[in-house]
Amino acid sequence: MKFIEIPASDFDLAMTLDSGQVFHWEKADNGFVGTIGDCAVYIEECGELLRASVASASSRLISDDGQDAHAAICRYFALDHPLAEICASFPDDPAMNAARHFCRGLRIIRQPKWECLATFICSSMKQVAHIRQISLALRRRLGERRKVGDHAVYTFPPAQRIARATENDLRECALGYRAKNLLATARLISSGECDLESWSALSDPDLREKLCSLPGVGAKIANCVLLFAYERLRAFPIDVWIERVLKQKYFPRKKKVTEPRLREFSETYFGEHGGYAQQYLFHHARMISRKSGTPRDSSTTLRSARNDKREDARIASRKPSPQASREAHLAKLSAPLG
DNA sequence: ATACAGGCTCGCC
DNA sequence: GGCGAGCCTGTA
């Protein structure tokens, strides 16, 4: 592998890739392999230096002097974000200060729009480990294989490619009910009816509204795409983790905090880089609970009660168990063709 | 084993 | 126009 070297201060590669904003990078050698757009990339961190190898479609290095690759990496990892200033703009309170201290070097990266949107459509009601699996399955089945050094990686399939797939193809990538949404959205993009690139010109609220019009995209996912693909650093996605953090740290005495109240608070209190603040709070909370067991609260209890009811309903209606339907699915797959 | 995940959508009231 | 139920599947 031929390497290029890029100075990068104020950057923690591993934390950035493990902070739940991107799901396809895998550990390899002393660093990570993945893709940036259509290129296969190996990257590792040596102190204040990044060492990277980038292979384009034909498996050769992009250019001999590595200028394109250099620029692509700086852009993708947002090395131009003034991180010190951004962190200084966060509010000064105990929760925020702890997160800011814990997440030093964490950057919000610039992801390709379709890849980011599609991945987050797949993320609903899923844990990180599973989102990673879905992303990999989609890439293996519908993406293109690339090599960087000895490592094989797969590009994320373009909307046109997914639009040509069947719902069943996608279900076989473990998407479940998300398959229908991903397919419908892929078709809207692929047909040109919706143009993610041209939406860059829209204001935050207009862009959010456009994204929410896509099947499988609600406020949470739209905000993730605003933040991770459109550089709208104010966008503040509220998922169950952040909801817990906000309620516990900022509304400790309140019994019920309504969703509009929480949204209003998140949009005003955290300032112009609210999305960054959110990512820091999110990552910090996840890492803390990974150490010492998952904290339970009323919202999770509520959710489990709901799930119980669903299960009761399933039994009452004598639907096949998950186990049985999985076996039926497998049997169908192994049946002779034609 | 079984509860629970980084939700969205639709039907109901 | 708020509330709850249904949707799929893998992991802890």
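Lettering follows sequence order; numbering is per chain, from 1.
- Rounded to an integer number of Å, the gap from CD1 of Ile131(A) to P of dG6(B) is 7 Å.
- dA5(C) atom P lies 16 Å from atom OH of Tyr177(A), rounded to whole Å.
- Looking at Gln21(A), its side chain does come within 3.5 Å of a backbone N or O of Arg107(A) through a donor-acceptor pair.
- For the pair Ile6(A) and Ile4(A), the minimum side-chain heavy-atom distance is below 4.5 Å.
- Among residue pairs with one or both ends in residues 182-191 of chain A, none qualify as side-chain hydrogen bond (donor to acceptor under 3.5 Å, both in side chains); sequence neighbours excluded.
- Here the nucleotide nearest the side chain of Lys126(A), chosen from dC8(B), dT9(C), dA5(B), is dT9(C).
- Atom CZ in Arg263(A) sits about 17 Å away from atom P in dG7(B), given to the nearest Å.
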Distances under 3.5 Å only, N/O to N/O: pair up the protein atoms with those of nucleotides 9-13 of chain B.
residue	atom	partner	partner atom	Å
dT9(B)	OP1	Gly216(A)	N	2.9

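- For the pair Leu183(A) CG and dC8(B) P, the computed distance is 19 Å after rounding to whole Å.
- His70(A) pairs by the ring pair (Phe, Tyr, Trp, His ring centres under 6.0 Å) definition with nothing, not counting sequence neighbours.
- Residue Leu175(A) is out of contact with every strand shown, counting any heavy-atom pair closer than 4.0 Å.
- A cation-pi arrangement, defined by a distance under 6.0 Å to the six-membered ring centre and an angle within 45 degrees of its axis, is present between Arg51(A) and Phe3(A).
- Taking only side-chain nitrogens and oxygens, Arg171(A) comes nearer than 4.0 Å to OP1 or OP2 of dC8(C).
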| query | If pairs are Watson-Crick or G-U with both distances under 3.5 Å, what is the dot-bracket string of DNA chain C, marking crossing pairs with [ ] and pairs to another strand with |? | reply | |||||||.||||

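- Residues passing the ring pair (Phe, Tyr, Trp, His ring centres under 6.0 Å) test with Phe90(A) are Tyr280(A), sequence neighbours excluded.
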| field | salt bridge (charged side-chain N to carboxylate O under 4.0 Å, His left out) evaluation trace for Arg178(A) with Glu167(A) | value | CA-CA 9 Å; Arg178(A) 303 158 195 83; Glu167(A) 187 180 325; over 6 Å; no

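- At whole-Å resolution of the value, CG in Leu182(A) and C1' in dC7(C) are 16 Å apart.
- Separation of the P atoms belonging to dG4(C) and dG6(B) is 22 Å when rounded to the nearest angstrom.
- A parallel orientation is assigned to the rings of His151(A) and Tyr42(A), their planes being inclined by less than 30° (bins at 30° and 60°).
- In this structure, CD1 of Ile242(A) is placed 15 Å from P of dA5(B), rounded to the nearest angstrom.
- Remark: the separation of the P atoms in dC8(C) and dG11(B) is 15 Å, to the nearest Å.
- For the pair Arg261(A) CZ and dG2(C) P, the computed distance is 16 Å after rounding to whole Å.
- Proximity of the aromatic rings of His81(A) and Tyr276(A) is defined here by a centroid distance below 6.0 angstrom, and this criterion is met.
- Minimum atom distance to the side chain of Ala174(A) is reached by dG10(C), of the listed dG6(B), dG7(B), dG10(C).
- Remark: the Lys220(A) side chain and the dG6(B) base include a donor-acceptor N/O pair separated by less than 3.5 Å.
- Between Ile121(A) atom CD1 and dC8(C) atom C1' the separation is 16 Å, expressed in whole Å.
- A donor-acceptor contact under 3.5 Å is formed by the side chain of Arg178(A) with the base of dC8(C).
- Every residue meeting the ring pair (Phe, Tyr, Trp, His ring centres under 6.0 Å) condition with Phe270(A), not counting sequence neighbours, appears here in chain and number order: Phe236(A), Tyr250(A), Phe265(A).
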